[in-house]
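The block underneath contains the structure these notes are about, expressed in structure tokens.
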Amino acid sequence: MRAPFYEYGLFGESTSLGIALAIGVVFGFFLERGGLGDARKLAAQFYLTDLTVLKVMFSAIVTAALGLFWLGRLGILDVSRVYVLPTYVAPHLVGGLVFGVGFVMGGLCPGTSCVSLSSGKLDGLVLLGGMLLGIVLFNETYPLLATFYDSTPLGQVTLTDLFHFSQGVMVLALVLMAVASFWLAERIEASRRR
Amino acid sequence: MSRVRSPNRALAAIALLLGGLAPLVGSSFTAPARLEPDGPARARAVELARWLRERRAVQVVDLRDSTRFADFHLPTARRLAEDQLETLDLTRADTVVLYGDEAVVARAHRALADGPARVLYMVDGVGEWLAEIMNPVIAPDATAEQRAAFAPIAELSRYFGGLPRQGVRDSSGSRHLLEQTRRRGCAF
């Protein structure tokens, strides 16, 4: 039995949606328990007073990178069947900027706004409403945006493709970057506390 | 604080160990197969329509799921799952045209291309068929040359139950074209 299970036909669409729901609930639970449903904690990332977001995100990236690499190496996971989102340079830059501005202003991102709402915080509701409004606006104005939306495509490109290093070297580089970031984050937070 | 730090340091050590070993053990990763939109193995809808009309020995293979196959499929297409491709008993005289999701088609093409048969693929096979064969469009201000070039496509379209027309090309997507095709009573 090999993964991705859905790609290998172990279960169908309905089951995959149920599994996605279950994973989402567990993910939301751990986000909330980690305090990431609190806009003040998230916004503090940008003021360098609380770098929990950096640590959570980088931990997830390293766990996923190591997991994908080693499960692939052991023959458990067919990494070539894991979907890689195509890259569109300009649209992704603009989208990232819009996302970043919204994140700093609101203190929440789309996922954490759901977490915030589920723990009874009204700002989560407002942000969720804003996100849905943004989705509607995007869809309604899509004909005007379509050309830009599809511009500067690079295809399904990975860091390995970009830097021409082996997968193993990229994984090691990610881990070293993460550990260095955690060490630096601890030092910054400690200095801010003084 | 020291209680929190111990698990973190242990996790960091494990990550460094696994990360450090990664460059040494090599990778089993194979780059995902991809389709070349302008590659020599790409089959166009008009080309396929001509072969089918001429009753050439072409096997059309739909690599999508059964729901989408039942919804609409190309004429004479048979549906196969990716792991059923070996049931195709192919010889040098065979031509196979694959269509479906890009990643699946790319892998299937890669798997079959070294075999004896001529293996081709379509990029967005259903979309291209609906647009080019079932709903071909010629601009109202087309030149005589363009109309002459459109005439055989229009004939092909009518052969397969399509509706060639004059007007603006519909860019609303294959779902809309499929609904248009259905409303005309085409029972593919």
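Excluded from the calculations below are hydrogen atoms, water molecules and symmetry mates; all remaining heavy atoms, backbone and side chain alike, are included. Note that this is a predicted model, so its numbers are computed, not measured. Letters A, B, ... mirror the listed sequences (proteins, then strands); counts begin at 1.
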Point to revise | Straight-line distance of A/Leu172 CG to B/Leu18 CG, nearest 0.5 Å | key: 11.0 Å
Study note, to complete from the structure: Scored by heavy-atom pairs under 4.5 Å with chain A, the best of B/Gly20, B/Ala12, B/Pro23 is B/Pro23
Check your understanding: More than 12 foreign heavy atoms under 6.0 Å from CZ of A/Arg40: is that the case here?
Key -> no
Review point. Quick one: does B/Leu16's side chain get under 4.5 Å of A/Leu176's, heavy atoms only?
Key: yes
**Study point:** For A/Val171 against B/Gly19, the heavy-atom pair lying closest together
**Key:** CG1-CA, 4.4 Å
Check your understanding: Given the rule that I, L, V, M, F, W and Y join up when any side-chain heavy atoms are under 4.5 Å apart, are A/Val175 and A/Val169 in one cluster?
Key -> no
Practice item. To the nearest 0.5 Å, tell me how far A/Glu13 CD sits from B/Thr67 OG1. Key: 8.5 Å
Check your understanding: Do you reckon A/Leu174 sits in the same ILVMFWY cluster as B/Leu24, going by side-chain contacts under 4.5 Å, direct or chained?
Key -> yes
Practice item. Count the heavy atoms belonging to other residues, nucleotides or ligands that lie under 6.0 Å from CG of A/Asp150, then report whether that count exceeds 12. Key: yes
Review point. Are B/Leu112 and B/Val104 co-members of a hydrophobic cluster defined by side-chain heavy atoms under 4.5 Å apart?
Key: yes
Review point. Between A/Phe138 and A/Val94, is there a shared hydrophobic cluster once you connect ILVMFWY residues whose side-chain heavy atoms come closer than 4.5 Å?
Key: no
**Study point:** A/Val62 versus B/Ala15, closest heavy-atom pair with distance
**Key:** CG1-CB, 4.3 Å
Check your understanding: Are A/Phe69 and B/Val25 close enough that some pair of their side-chain heavy atoms sits under 4.5 Å apart?
Key -> yes
Exercise for review: Give the member of A/Ser59, A/Gly168, A/Ala178 that has the highest number of heavy-atom pairs under 4.5 Å with chain B.
Suggested key: A/Gly168
Review point. Cluster question for you: counting only ILVMFWY and a side-chain heavy-atom cut-off of under 4.5 Å, with indirect links fine, are A/Ile135 and A/Leu145 together?
Key: no
Check your understanding: Where on B/Leu21 is there a heavy atom nearer than 4.5 Å to chain A: the side chain, the backbone, both, or neither?
Key -> both
